[in-house]
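We name chains A, B, ... by the order of the sequence lines, and we start the count at 1 in each one. These numbers come from the heavy atoms of this one structure, side chains and all, not from hydrogens, waters or symmetry mates.
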Amino acid sequence: MKYLRGMGVVLLLWYVAAFLISSPVIPFPHSVFIYTLDQFVPQEMHLHLLYSLYRILLGLFIALFFAIPTGMIAGRVPALDRLISPVLYLLYPLPKIAFLPVFMVLLGIGDLSKIILIAIIIYFPASVTIRDGVKEIPFEFLQLAVAYHLSRKQVLKDIIWPAILPRIFSSLRITLGISLSVLFISETYAASYGLGYSIMNYWVMAQYTGMYAAIMLLSLLGLLLYIIVDWAERLCVHPRANM
Amino acid sequence: MKYLRGMGVVLLLWYVAAFLISSPVIPFPHSVFIYTLDQFVPQEMHLHLLYSLYRILLGLFIALFFAIPTGMIAGRVPALDRLISPVLYLLYPLPKIAFLPVFMVLLGIGDLSKIILIAIIIYFPASVTIRDGVKEIPFEFLQLAVAYHLSRKQVLKDIIWPAILPRIFSSLRITLGISLSVLFISETYAASYGLGYSIMNYWVMAQYTGMYAAIMLLSLLGLLLYIIVDWAERLCVHPRANM
Amino acid sequence: MILSLTDAKLDYPKTTAFQHFSLTVEDGEMVSIIGRSGCGKTSLLYTIAGLLPLSGGTMQRAFGNEGVALMFQQDRLLPWKRIIDNVLLGLSKEKTEEAATFLRSMGLGTVMHHYPHELSGGMRQRVALARALIRKPNILLLDEPLASLDEQQREMLQNDIKKYVRDQGITLLLVTHSIQEAVFMGSRIVMMTNKGVSYELKNQLHDDPNLRTRDEFFSMQKTLRLHLEATR
Amino acid sequence: MILSLTDAKLDYPKTTAFQHFSLTVEDGEMVSIIGRSGCGKTSLLYTIAGLLPLSGGTMQRAFGNEGVALMFQQDRLLPWKRIIDNVLLGLSKEKTEEAATFLRSMGLGTVMHHYPHELSGGMRQRVALARALIRKPNILLLDEPLASLDEQQREMLQNDIKKYVRDQGITLLLVTHSIQEAVFMGSRIVMMTNKGVSYELKNQLHDDPNLRTRDEFFSMQKTLRLHLEATR
Amino acid sequence: KDAQQSASEKAGPEPTLKVGMMSAVDAAPFYHALEAGYYEDEGVDVELVLFTNGQHRQTALQTQQVDGAMSDLVALITQSTSDFRLIGTLSTDGAFPLLATGPLTEGTTVTAGTMEISVTNYLLDAYLKERYAVEKVFINEIPARLEAVVSGQLDTGIFPEPFASIGELRNLEKLTFEGIPRESLNIIAFTEKALEGKEKQIAGFHRAYERAVKDLQRDPELARTALMNAIPALPEEIRSTMGLPTYHTPSLPSESFTEEIISWTEGITGTEYTVGPEDLFDARFINAL
Ligand SMILES: Nc1ncnc2c1ncn2[C@@H]1O[C@H](COP(=O)(O)OP(=O)(O)OP(=O)(O)O)[C@@H](O)[C@H]1O
Ligand SMILES: Nc1ncnc2c1ncn2[C@@H]1O[C@H](COP(=O)(O)OP(=O)(O)OP(=O)(O)O)[C@@H](O)[C@H]1O
Ligand SMILES: [Mg+2]
Ligand SMILES: [Mg+2]
């Protein structure tokens, strides 16, 4: 499988880095593997994985659920874009972590607030990519839609949606990475399961082997999700001029 | 100016949120304005702004400097993509903050490490967007390049580059937002200036008015940079089928 | 009268596509429009279809936007839709059988479920033609519908379109570069330049089944050719 | 001999574009290729230009990839380049004056600095033609270069291309749907189907300056038309 | 409807007392009390919520997600001007050694890692100011601070136990300063709302703490066990090397010490705090013991 070679490369880089830096902050891969097998697998690894997965997927889903319409409207209706874009531009740079207090007030410290936090973080990049994608739809197709009197719904279904589908997958890939890498933000408070929670726990204790074990699992989880996204894209996106 | 209306919307949302939540964690906008004028402007506001701006711009530049070739190669050469993509997929989800110790060891605690941290965080989404963009270049144009015997350099300059330029701007917009919102990560250590540093400090002191003042400046800085990016895009990107 | 333009004018940012253009089309007429490349024919069809507003003059249409179907000069097939779905664009699934019949009659029965990029240039053009015809509009605007087809197929489709349009009572505006085609298809042939209509010819023999073999068929072509040359 | 195909075959995933195709072209020849829509003409040009590998049979070319210039059936102008820069694609800036001359001679002098989307269909096709011609290749492959042009311009450009190709000693392969064009341009006319060459005709009067008015001009067309009908 | 709800709350089971904990040795008595069932004995349902990030813990406290939490004097003071009144009820005992690659050389400028607005900053002053010229570098994240010391970017840094012992495993030397600070700066703080609404529970919480402290005073091993069990990812090696503080019977900081901290904090933040010990503390629960 093609992903194995990539993993080999990462492993190699990791070994080289561990060797060059030769500090406990980068443990050697094999010791991390051993730790994983020793400590993680027998214990509650699957729980950590599942909790993180659940939060990410739900967060992604909620974010895209709102980002896709936002992006489409902003991309299609210039009048509204003039309103939406500055709002996005103003809110996107906000450090979401600084709004933790607001989250806690509004949503408590349970799972909901973690999921919404992830959703909000990725809502912005997703909206911006989708908006940019919609703006790039060839004018010819939009003119075609007018000439053939497509209803709003048909324009959406037959032109806009298929035209931006590759963009949606692209933004899915970007936001997936973001949501995984900010997992630790949402799982640092009041969690007892989740990979972010494990990473944080090991981190504050400077337990680098354990931390890398959790990171490795996170990274593999990411790869798995990416494989799924790539595969779904091949299924959904129309074949294009080939060879 | 069209951005004013967007700012109005944000202001309105802010008032509504402050009113509804009516907790000190969301102060009212006017008190934040007063605080900004009172405390920030006379003091070292410009220093905070300039330090942050400097770190972000340099970080963005470094990230794009590496991400553009990575994305182009991965998008153009399937053989290499099979290697690069899994590596990106594995490394992208890593929580960069967990690697802070590695940064300390490798790059010290100066400005360099802060800039590189930002650069690394945005390198991944930038690479992925650009790669996806290159993959979407219409096959007809690539075939044209072969038929007209363009040299590698010409393909790059005349076909790939102009074709993905909108994508590069799109990814610039995404990464700009990310880099602003992760500023506080890099400015929480060994900094004495920077908006991220101010935000953190106010937060520690539970000085939400001050925190919001810094956040507001960050957000305005973001808007300003976005206006510049949008304007640069209008300048650089070829006019397309219009009306 | 189904369509009437008076002193119509269309400006693009850098150029004027056409001006001083006046034309009245009666219901059921078949008007061929010829003119040099770049004289504004495509732009004219766009205005009639409601895609571009006139910059000057007036246009009266006895039909809504729904009553027009425009076949673009470039095929503009949607790359993500199979051929049959491209033809059915915006129509209900009930028309599938009709669309298939259209495609088969154009020799595209075997590629119905292929994607556009798998077709040759001429095949794509026929798909675009089918997509316009199946709509049975009040007024049909064809922009060089047969330019990429071989002479045989061209003649065959000329016959088919003419019959179809007449049977359905459709008003036709046909832009073409082929004078032969203009005369065969048009009950009236309008020659345009970007300064308006330069010549008009009524084709009295339009309904004659043997038109192609009539001497007048060739003499009309000759007349048009001479006039065209004069506009150089 | 500049090009020779023997029992050539090209497969697409779902269809065979052509097979059993054999053709030998001598240096300086002008070969017109005609055939029904979808018979594999474009695909043939792609193989000769080196864009697609043969699935069977052999091809010998007495020129490198650099020696070919292909004009695509669709114009494929780069939307982000001005007209003049599209013509100069891949060439050094020194050719700017030459490119401008080409464009002016095709009536495009005023739109040289426009972008492709601001041009009409026929204008775009002429730009694509200019882009191919300016390269002065060993072998020039034209895929329906004049399909979107009016008859006058067509005739004028036929004359121009023929003269240019002959003066430069370029070998020409011209795909066309117009039998008139095939006969006027070709020193040899090859009729193809997707099962190979179905008919060949040598045009003895190719060099005759008055070819268009010669009776043989029309009789050759007639012969070809009959043969074409037979392949239906 | 609201009245109904609160009525049913009153009638229903006792409300839980949520208290935020940190991975610090201060937490030992609380966890020991939990393990030993002392809270149950007092009839209170206590939930200890462990935070890995002090800032998040503080925010959860401010936003009433927890009723009380481990905090410190500096936080109480800085937040006294904000809209979040937090009231300290109980001093806890922590340990904050320095870590260094070797003994610090007197007379030179010592670079030291700490957090700006925090007790560690105060302690650094208290430890070193007399004998060294100190150049402070603010690195909030403890692991990052540790690496800065290990890699020689800093001469020393301050680390709360048990973290300091983990640093020791990396061949750093632990520097402790007997008798500094005079009194503990760490404190359990509750929100005003909790103090009003859950008075009974808080009182029980304090009684359980007192019992637990007595146990720990008798047998310090119990503290080690409680910490090892409660804090995830603690390496087994530090069980015995962990520097434990003396766990004191429940008390609150003295007035003079509090004044000293207030004026120190004023110096750091450049803000004047018009508060006194009476505003910061609520001695009811200590007094009731
Ligand atoms: N989208 C556009 N923007 C700007 N100018 C345009 C645009 N489309 C056409 N033009 C200009 O308007 C004029 C008329 O163009 P139009 O496409 O209507 O010509 P046409 O008669 O259809 O030509 P052809 O026979 O070559 O298709 C041309 O000079 C062209 O350059
Ligand atoms: N990219 C492609 N992928 C798959 N099949 C293709 C592709 N291009 C062409 N074909 C198929 O190959 C056959 C030959 O196509 P080609 O384009 O060579 O025909 P052509 O002779 O140029 O036709 P036209 O005169 O209509 O341009 C057709 O049946 C077509 O469906
Ligand atoms: Mg046109
Ligand atoms: Mg073709």
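With values rounded to the nearest 0.5 angstrom, C/Thr110 atom OG1 is found 11.0 Å from D/Lys14 atom NZ. The OG1 atom of D/Thr15 lies 6.0 Å from the NE2 atom of C/His114; values are rounded to the nearest 0.5 Å. To the nearest 0.5 Å, the span separating NE2 on D/His117 from OH on C/Tyr12 amounts to 10.0 Å.
Considering only heavy-atom pairs separated by less than 4.5 Å from chain C, the leading option among D/Ala17, D/Gly121, D/Gly107 is D/Gly121.
Judged by distance alone, the side chain of C/Asp150 and the main-chain N or O of D/Ser37 form a donor-acceptor pair under 3.5 Å.
Only the backbone of D/Gln180 comes within contact range of chain C, with at least one heavy atom under 4.5 Å from a heavy atom of that chain. Heavy atoms of C/Arg154 lying under 4.5 Å from chain D are absent altogether. Of the atoms belonging to C/Glu155, not a single heavy atom falls under 4.5 Å from chain D. Both the backbone and the side chain of D/Ser148 come within contact range of chain C, each with at least one heavy atom under 4.5 Å from a heavy atom of that chain. For a residue to count as touching a neighbouring chain, one of its non-hydrogen atoms must lie under 4.5 Å from one of that chain's; by this rule C/Ser120 touches chain D with the side chain only. Of the atoms belonging to C/Gln74, it is side-chain heavy atoms, and not backbone ones, that fall under 4.5 Å from chain D. Residue contact with chain D, scored on non-hydrogen atoms closer than 4.5 Å, is absent for C/Ser43. Proximity to chain C (any heavy atom under 4.5 Å) is shown, for D/Thr176, by neither the backbone nor the side chain.
Atom NZ of C/Lys195 is surrounded by 12 or fewer heavy atoms from other residues, nucleotides or ligands within 6.0 Å. Under a cut-off of 6.0 angstrom, the local environment of NZ in D/Lys202 is crowded, with over 12 non-hydrogen atoms contributed by other residues, nucleotides or ligands.
No side-chain heavy atom of D/Glu151 sits under 4.5 Å from any side-chain heavy atom of C/His177.
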